[in-house]
Amino acid sequence: MKKIHIILLVLIAGSIGILLTFLKTASTYDTIDTAMAKPGKFVHLMAKLDKSQPIEYDAVNNPNYLSFIAIDTLGKSVKVVYHNAKPDNLEISEKLVLKGKYNNGQFECKDIQTKCPSKYKEEQAKGGTHPGNVPAKK
Amino acid sequence: MDYIGENLLPGQLGHFFIVLSLVASLLATVTYFLAAQSKNETDSIAWKKLARYAFIVEVISVFSIFGILFYIIHNHLFEYHYAWKHSSRSLEFKYLLACFWEGQEGSFLLWSACHSILGVILIKRSGKWEAPVMTIVSFAQFALATMVAGIYIFGWKMGSNPFILLRDSGVFDNAPGLHINFDVNQPLRPDYMQSVKDGNDLNPLLQNYWMVIHPPVLFMGFASTIVPFAFAMAGLWKKQFGEWTKPALPWALFSAAVLGVGIMMGGMWAYESLTFGGYWAWDPVENASLVPWMILVSGLHTLLIYRHSGHSLRATYLFFILAFGFILYSTFLTRSGILGESSVHAFTDLGMNFQLLTFLLIFVLPSLAFFFYRYKQIPSVQKEENTSSREFWMFIGALVFFLSAIVIIGKTSLPVFNKIFGTQIAPPEDAEFAYNSIQVYVAIIVAALTAISQYLKYKDTSGQYFWKKILIPTVITAALSLLFFLFGEINYNKKGPIFQGSIWLAVICSIYTIVANAGYIWLGLKGNLKLSGGSIAHVGFGMVLLGILISSSNKEVLSNNIGGIPAPLAEGEDPRENLTLVKDMTANMGRYSLTYEGDSAHPKKQLWFYKVRFKSNDGKEEFVLMPNAFVNYKGNEGLMANPDAKHYWDHDVFTYITSIPNPENAKDTTSFKPYTRKQGDSLFYSKGFIIVQDVKQKDSVPQELFGAQGMLYEVPLKIYSKTGSVFSVTSRLANAKGEWFAIPDTITSESLILQLQKVNPDKSIELGVKESNAVMKYVTLKAYRFPLIKLLWYGVWITAIGIIISMVRRIRLNRASRTES
């Protein structure tokens with residue numbers, strides 16, 4: 001066997017090892033229930049903003065404190081705390097990916113990814129802006 | 001029905017050219033194939049002639065489609081869905097091109113146009129390789145043409161047509177106002193265009209000059225990877241296994257330079273226009289374009305090994321096939337919507353997943369199968385490479401680079417993995433570190449090998465030669481490293497000493513790359529710049545590495561927020577990077593003090609510029625940055641911020657707005673809280689206290705204003721703020737012509753509003769106090785300092801220049817050898 005083949009095998013084995021380790025360190029997508037079941041573990045929480053509850057953010061007092069209630073498709077809700085500026089499309093988001101840990105009764109978030117309705121869909125929902133755009137009476 | 005105000009001719013022409021392009025590219029593929037297969041010389045020439053005509057028709061069609069679509073956008077023909085969706089009347093001319101490629105259809109056209117240009121050059125230049133190479137290019141053109149076809153085949157929609165009319169796009173399906181009798185089941189009103197006054201506009205984040213230039217360069221890079229691939233396939237096909245490497249080499253160099261620059265232009269755009277605070281985030285979309293480049297560069301190096309030593313031909317085949325294959329894979333990743341949660345900037349799903357997957361597999365599977373079928377026939381040298389030879393170490397470098405690309409794309413493909421296996425695996429907690437922790441070692445190995453390999457000769461190097469030559473650069477590097485060790489620093493210690501140490505080592509190796517390759521231009525090549533393309537490119541590459549290592553690991557958060565409510569934070573975690581600046585109040589921020597001086601609006605758009613003055617504490621620097629933000633821009637509710645940076649030769653100060661008062665909240669909803677106090681009493685508010693100094697009634701008031709029974713009370717107040725400021729205000733309450741008037745006083749910086757509401761007969765007063773953010777103008781921002789980021793940008797250009805010098809030299813050599821033979 002040539003030296004280069006040995007090196008090749010070692011490097012390929014190494015690469016596979018790296019990818020397998022990556023899978024081990026990977027986290028999971030969770031609902032609020034399953035995230036609460038493993039406090040202190042980093043998860044991707046799939047939820048949305050509970051729009052009936054107030055959002056707590058006061059940039060003048062503390063621009064690094066945001067708190068709101070998130071609710072998931074199963075109807076469970078949790079208080080979310082995020083030590084960063086409020087993502088500006090939070091209120092109109094239709095889905096949130098909250099990356100963080102559940103701890104002491106609240107979800108401590110490191111990163112928030114907001115999923116917003118696309119421009120296209122939004123325009124559809126609004127149904128154009130024609131002045132005579134009055135819904136037909138049935 | 002006839003609709004009023006539509007211009008249908010461009011669309012009809014567009015449809016015609018799309019169909020023509022489909023037919024012409026297919027015809028070119030078939031005829032080039034026959035030309036390549038034909039055993040008979042005259043037949044072959046005849047087929048080739050036909051094929052050329054077909055390809056020229058294809059080129060004309062593609063450019064016509066391109067021109068017509070641009071005409072539609074430029075003339076604001078919003079009856080076409082593409083123009084309506086991606087542009088607007090207020091858009092500056094320079095961004096009209098950017099909206100051309102904002103959509104998937106436009107970017108496919110751009111790709112196709114790049115192929116067309118490359119195809120024409122190939123027809124002129126590639127001689128006997130024309131027929132097999134152009135078979136593959138033409139077929140790729142056909143595949144791209146299907147992407148914009150928008151034709152229904154047995155009820156299955158093939159491609160997405162850019163000339164679709166707005167009224168056919170389904171946008172109005174839920175808009176009763178635009179339909180006859182307000183009934184969505186009825187056809188549209190003939191005058192519907194009257195209500196389509198303006199388009200949706202280009203995404204504000206793409207309204208940046210890099211977005212005009214980055215996509216064409218990137219797509220030229222994408223497109224050009226097909227050429228080395230096609231040459232490799234042609235080599236397998238014609239069983240001339242090694243010969244194709246000669247004409248393919250300049251193409252591979254071209255591709256490496258253009259794709260590399262294209263990718264880094266994306267980084268520059270991200271740095272200037274996005275707000276994740278950097279130029280690279282290991283986002284799937286970024287990785288998907290980096291990986292083919294890395295594999296292509298590996299292939300470029302194995303190709304050079306083959307040209308000089310006869311080794312590594314098989315690896316070259318594999319690398320060129322995979323470089324192109326991963327271009328197609330990245331197309332699939334970014335356009336299919338499969339990335340979903342994991343990427344911020346993927347294209348929206350057009351429902352073309354099946355077609356995109358077919359595009360990928362129809363090229364990759366047969367070419368890999370063909371490669372393994374012919375594998376045994378591909379010549380390889382049986383003799384082992386000498387460990388003192390250049391090819392040995394170059395191959396290892398190429399291999400490490402290649403495997404690192406595979407590791408990157410493996411991690412990026414997690415969503416694909418989930419889809420195939422039905423798993424729910426999410427990226428790890430620190431996704432960036434998952435990449436950095438591995439790639440720093442790749443940087444160390446590749447940089448070290450790049451430094452020494454040039455000093456080795458092909459086949460065999462005598463130890464004496466090598467040590468003598470490498471001595472000087474090594475000594476210089478050692479000296480520079482020592483200096484860096486003494487005076488420089490790597491501050492990044494969040495991930496422990498091992499990672500910090502690895503960054504140190506990588507920095508030293510990058511310096512070694514720069515010094516050794518710059519030195520080689522004189523030590524090895526006697527200063528002949530024409531021959532030094534490779535060395536120059538490697539110097540640039542070393543600069544890129546060094547720039548990345550230092551700017552990222554020493555990136556400093558300037559906007560550290562020391563004040564505010566202490567929040568429970570996990571150990572070692574401090575994400576409090578946002579700082580709020582109240583207008584005209586100077587705030588301290590690390591080495592700078594900042595003042596938010598005001599804002600100004602763009603004359604036409606809802607784009608605001610925030611003027612923030614930076615003053616260094618030592619008084620040596622003072623400058624103004626104007627980060628801007630689109631506020632509630634055309635249906636994009638919220639804030640879309642663009643950073644601004646002050647560039648110094650050795651660092652950038654970089655800032656962007658993270659939050660502004662919501663105009664909705666600015667409506668003052670809090671009410672006055674009444675307090676009863678007497679002269680000399682004090683009263684507290686959240687940021688200090690107020691002392692009532694006196695309660696006075698004015699003796700005489702002008703009768704014509706106040707009437708006969710008029711009264712005016714004056715209460716001087718002193719406000720002591722926690723910050724140490726003292727304000728004096730006199731609150732007034734008047735009774736004029738029988739009515740009471742209370743005039744509120746505002747102390748802006750304290751967000752305090754005071755109102756004298758009542759004066760009782762015992763001279764006690766009722767003072768209304770309101771604390772409201774609505775009175776305040778403020779911005780919340782983040783600021784960073786990026787040291788030595790210029791090194792990265794210059795490194796990119798130097799790398800590209802080096803590669804281009806090599807390319808020119810290789811083209812000259814090929815030409816010379818052709819005239820000799």
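Convention: sequence-line order gives letters A, B, ...; per-chain numbering from 1. Model, not experiment: these values are computed from the prediction.
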Show the numbers, then the answer: is there a side chain to side chain contact (heavy atoms under 4.5 Å, CB included) between A:Lys3 and B:Ile396?
CA-CA 11 Å; A:Lys3 270 177 277 198; B:Ile396 289 175; over 6 Å; no
Could you check B:Lys411 against A:Ile18 for side chain to side chain contact (heavy atoms under 4.5 Å, CB included), going step by step and ending with a plain yes or no?
CA-CA 10 Å; B:Lys411 291 176 182 175; A:Ile18 289 167; 4.1 Å; yes
Determine, step by step, whether A:Ile7 and B:Phe395 satisfy the side chain to side chain contact (heavy atoms under 4.5 Å, CB included) criterion, reporting the C-alpha distance in whole Å, the side-chain angles of both residues, the deciding distance to 0.1 Å, and the verdict.
CA-CA 11 Å; A:Ile7 294 171; B:Phe395 182 75; over 6 Å; no
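Heavy atoms closer than 4.5 Å to chain A are found in the backbone of B:Gln382, but not in its side chain. Using a 4.5 Å cut-off between heavy atoms, A:Ile16 makes no contact with chain B at all. Only the side chain of B:Leu414 has a heavy atom closer than 4.5 Å to any heavy atom of chain A. Using a 4.5 Å cut-off between heavy atoms, B:Asp430 makes no contact with chain A at all. Contact of A:Leu90 with chain B is not made at all, since no heavy-atom distance falls under 4.5 Å. Both the backbone and the side chain of B:Ile425 come within contact range of chain A, each with at least one heavy atom under 4.5 Å from a heavy atom of that chain. Only the side chain of B:Thr780 comes within less than 4.5 Å of a heavy atom in chain A; its backbone stays farther off.
Of all non-hydrogen atoms in B:Ala426 and A:Ala26, the two that sit nearest each other are O-CB, 3.2 Å.
Surrounding CH2 of B:Trp282 are more than 12 heavy atoms belonging to other residues, nucleotides or ligands, all under 6.0 Å away.
In this structure, B:Leu403 CG and A:Ile12 CD1 are separated by 6.0 Å, a value rounded to the nearest 0.5 Å. Atoms NE2 and CD, from A:His83 and B:Glu577 in turn, are 13.0 Å apart once rounded to the nearest 0.5 Å. Distance NZ/A:Lys2 to CD/B:Glu385: 5.5 Å, rounded to 0.5 Å. Taking CD1 from B:Ile445 and CG from A:Leu11, the interatomic distance works out to 7.0 Å, rounded to the nearest 0.5 Å. Once rounded to the nearest 0.5 Å, the distance linking OG1 of B:Thr423 with OH of A:Tyr29 reads 10.0 Å. Note: B:Lys782 NZ to A:Asn64 CG = 8.0 Å, rounded to the nearest 0.5 Å.
Side-chain contact between A:Ile4 and B:Glu391 is absent, with no heavy atoms from C-beta onward closer than 4.5 Å.
Applying the ring pair (Phe, Tyr, Trp, His ring centres under 6.0 Å) criterion to A:Tyr102, with sequence neighbours excluded, gives no partner residue. With sequence neighbours left out, the side chain to side chain contact (heavy atoms under 4.5 Å, CB included) criterion links B:Ala434 to A:Phe22, B:Pro428.
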